[in-house]
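Worksheet: one structure, shown below.
Order of the sequence lines sets the chain letters (A, B, ...), proteins ahead of strands, with each chain counted from 1.
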There are 2 protein chains.
Amino acid sequence: MGTAGIKEVARFAGVSPGTVSNVLNHPERVAAATRARVEEAIRDLGFVRNGSAATLRAGQNRAVGLVVLDVGNPFFVEVARGVEDVASDRDHAVILCNSGESFEKEARNLRVLAEQRVRGVLITPAGENLASVEALHDRGVAVVLVDHSSPGDLCSVSVDDVAGGDLAVTHLLSRGAERLAYVSGPMAIRQCSERRKGARRALRTAGLPVRALEELIVPEMNANGGRLAAEKLLADGLPDAIFCANDLLALGVLRALSQAGVSVPGDVALIGYDDIEFSAAGAVPLSSIRQPTYRLGKIATELLLDVCDDPAGHAHQQIMFQPELVVRESSR
Amino acid sequence: MGTAGIKEVARFAGVSPGTVSNVLNHPERVAAATRARVEEAIRDLGFVRNGSAATLRAGQNRAVGLVVLDVGNPFFVEVARGVEDVASDRDHAVILCNSGESFEKEARNLRVLAEQRVRGVLITPAGENLASVEALHDRGVAVVLVDHSSPGDLCSVSVDDVAGGDLAVTHLLSRGAERLAYVSGPMAIRQCSERRKGARRALRTAGLPVRALEELIVPEMNANGGRLAAEKLLADGLPDAIFCANDLLALGVLRALSQAGVSVPGDVALIGYDDIEFSAAGAVPLSSIRQPTYRLGKIATELLLDVCDDPAGHAHQQIMFQPELVVRESSR
DNA sequence: CTGTTAGCGCATTCAG
DNA sequence: CTGAATGCGCTAACAG
C-alpha cells in the first residue's frame, strides 16, 4: 500500500520527521549529507507527500481552478494551454472544470473548488448571473473572469466582441456586399449579442440601415445549427455575404451551401469567428476573426496569481484585447 | 475570509461538531429539527467543507484522475465526457490532466494525482513505457488503461485498431482500388502501427502484396501533416485510394488535393479515422472509422470504480471494443 | 439521537 | 542544523 508517511521516511533515514519536511520544502536548510540520506529513503520507500495534509496545514492548495463552458471547444482549449503554462511556471496545478453552460454544473464546480481551497478561480460564467461567482469572491477566493467583461468589481480579461463584429462586417461591406445575414446562437449568449452590436455599428458607419442585416438565430452554435440556417437562407433567397457568430456555424453553412451548388465566395461571401484550426483546413479556407486565446489564458492567470500573492496591493483590472481579421478564400 | 469551520457552525447552531459532520455526511442520523438548524447555520456562515481535511481523514479523495494525450483532441474530449458522467453519478470528481504525449508531463501528472490520493487513475499512456504507471499501480492506486491494451496485469479498455485498419482498407479495396497509400504519424505511436497492421491484413486477405500500400509518414498527425503527405503524393503520382491514420490528416490531404484540382472521390477515394465531428461537416464529407469513444470512457470508469470499491473480488479485465466503418462521400 | 474525543499526515514553531 | 511538539479541520467511534 502507498502509506509510507513522512514519519517512516524519517525513521528509515535516521532523522526526525521535521527534517524530512525540510528536505521537501526547504532543502537549503538541510546539510547535504543528511539531505542525500533522506532523499534515498524517500526513493526506497516510494514515499509520496500527502497533498491533503499539506493543504490542510497551509490553509490553501497550490492550485487554481479553471471553469470553462465547453472543454471540447478549441477556443477554451487554447485558453487552457495559456493557463496551464503560467500556472505550471509558478508551481501551481490547474483543476479544469466544465460547466457545459449550465448554472447548476457551474455552481457544483465552484463548490468543489472552494472545498479544495484553491488559491483562485478563472471562470467564463455560464451567463449574466454572477451570483455564485460573486459569492465565491466574497468568501475571499481570488477570481478572474475570462472572456467576460465584468461590470462589477471583479478582475476580467476579455476580447472586444463588438470590435470583432465590426471588423467582420466592415470587411464584408468593403468587398461590396449590400445584403448581409448574421447567423448566430441565442442572444442570451453575450458573445452573440455583442458581435451583433458590432455588426450593426459597421452598418451604420457605412450608412446602411440595420435591416440590411438579416438575422438567423439557431439554438446550437455548431455545424448542425449552420446547416439549419443555410437551409433557411436557401429557401428565402441568399444574401451577398454571411457573418457567423462562430466557425462551427460557418462550417455548417459552408457545407450546406456547397451541397446546394452555391459557390463560396463566388455567390456568397462567408466569414466566421474564433479562427479555430479547422477553419483553415477545409476545402474552402474560412475567413474568420481571430482572438488572442492563448494570451487570454496567460494574462488571466498572471493576474490571478498576482492578486493571490498580494491581495492588498492589487487594483482590480479589466483587460480587453482586440480581435484580428483573418481573410481567407471564403470572402476573398 | 472563508474560514468558517465546522466548529463555528456547531457553536452557532448550538450543537456539537460531530452533529454538524453528521448533517454533512449522514443526514438521516440527525433529527429533522436539529438538521434544519444546522443547515441554516451553514448557510448563514457561508460554510464550505474543507475537502483536504476530509480527504486526510478518509485516507483517500473521492476523485479519479484522467490523464489524456491531448485535451484538444475530440477523441479524448468524448472519452472525458463518458468518464465525467459516470464519475459524477457515483459522486466522484474528475481531475483532468494533459500529458501532451510527454513522459515527463505524464510523470508529473501522476505524481500530483498520487499526492491528491485519488481513488484511481484512468490513463492513456504516452508511449509503450509503462514504468510510471506501474509504479503507481504497485503503490496501490487503481489504474485502468484507456485506448491502450496492456500486455501486463493492468485493466484496460481499448478499441481494436487492427480491425479498424482492416475495415478501412477492405472498404477501399471493395470499391475497386488497387494502388493504395497509408498516411500516418510515426510508427512509434501504437495506433499508427496497429492500423497499418490491419491495413496489411486486409491486403493479404484480398491476395494483394504489401507493397500495394505506399506509406507516407509525417511527423505531426494534423492537417498540416496531411498537406505534406498530399504534396508528396501529387509529385510522385496519385494512388487510387488513401487511408489516413486520423481525420485531421485526412482533412489536410483532402484540402491539398482539392486545391490541386484532384477530385475526391472521383480521382482518389479517401478515408480517415476517429470520425470527429468535423469529418461530416466539410464540403466533401469524410468517410471514417468510428470508435465508441464515449463508451470507452464510461466503461473504463465503471471498471475503475468497481475495482476501487472491491479491490479483492475483482479480476483484471481487458476489454476491447470493435470500431465501425462510416461511409460518406469521400469514398462513395 | 447527540456530545466527546482521538487522530489522519504534515509543516511549523521553538529548543537544543 | 536538527528534533520534539502542536494543531490545521474533519470524521468516526463510542459514550451518554
Next on the checklist: Let me spell it out: for each of B/L56 and B/V15, pick the nucleotide of DNA chain C with the closest heavy atom. Which residue's pick is nearer the 5' end?
Outcome noted: B/V15

Item to check | Contact state string [nucleotides 10-16 of chain C, B base, S sugar-phosphate only, - no protein heavy atom under 4.0 Å] | outcome: BBB----

Item to check | Student check: side-chain heavy atoms of A/R139 and B/V48 closer than 4.5 Å | outcome: yes

Next on the checklist: Over the length of the helix from C/dC1-D/dG16 to C/dG16-D/dC1, how much do the five-pair end axes diverge, rounded to 10 degrees?
Outcome noted: 30°

Checklist entry - Would you say the side-chain atoms of A/Q116 and B/N50 include a donor-acceptor pair closer than 3.5 Å? => result no

Checklist entry - Does some side-chain heavy atom of B/C97 sit less than 4.5 Å from a side-chain heavy atom of B/L113? => result yes

Next on the checklist: One pair to check against side-chain contact (heavy atoms from CB on, under 4.5 Å): A/R62 and A/V118. What are the steps and the verdict?
Outcome noted: CA-CA 7 Å; A/R62 282 193 81 76; A/V118 293; over 6 Å; no

Checklist entry - Is there a side-chain contact (heavy atoms from CB on, under 4.5 Å) between A/H92 and A/T301 once you walk through the steps? => result CA-CA 10 Å; A/H92 283 256; A/T301 310; over 6 Å; no

Next on the checklist: Do A/V30 and A/V38 have side chains that approach each other closer than 4.5 Å (heavy atoms only, starting at C-beta)?
Outcome noted: no

Next on the checklist: Taking any heavy-atom pair under 4.0 Å as a contact, classify B/T34: base, sugar-phosphate, or nothing.
Outcome noted: sugar-phosphate

Checklist entry - Given A/E84 and B/N98, is the side-chain hydrogen bond (donor to acceptor under 3.5 Å, both in side chains) satisfied, shown in steps? => result CA-CA 10 Å; A/E84 178 77 40; B/N98 192 202; over 6 Å; no

Next on the checklist: Any base atoms under 4.0 Å from A/S52, or only sugar-phosphate, or nothing? Heavy atoms, all strands.
Outcome noted: nothing

Item to check | First and last nucleotide of DNA chain D, 5' to 3', lying under 4.0 Å from heavy atoms of chain B | outcome: D/dG9 to D/dA12

Checklist entry - Can you find a heavy atom in the side chain of A/V112 that is under 4.5 Å from one in the side chain of A/I95? => result no

Checklist entry - A/D147 and A/Q191: side-chain donor and acceptor closer than 3.5 Å? => result yes

Item to check | A/V146 vs A/V157 side-chain heavy atoms within contact, under 4.5 Å | outcome: no

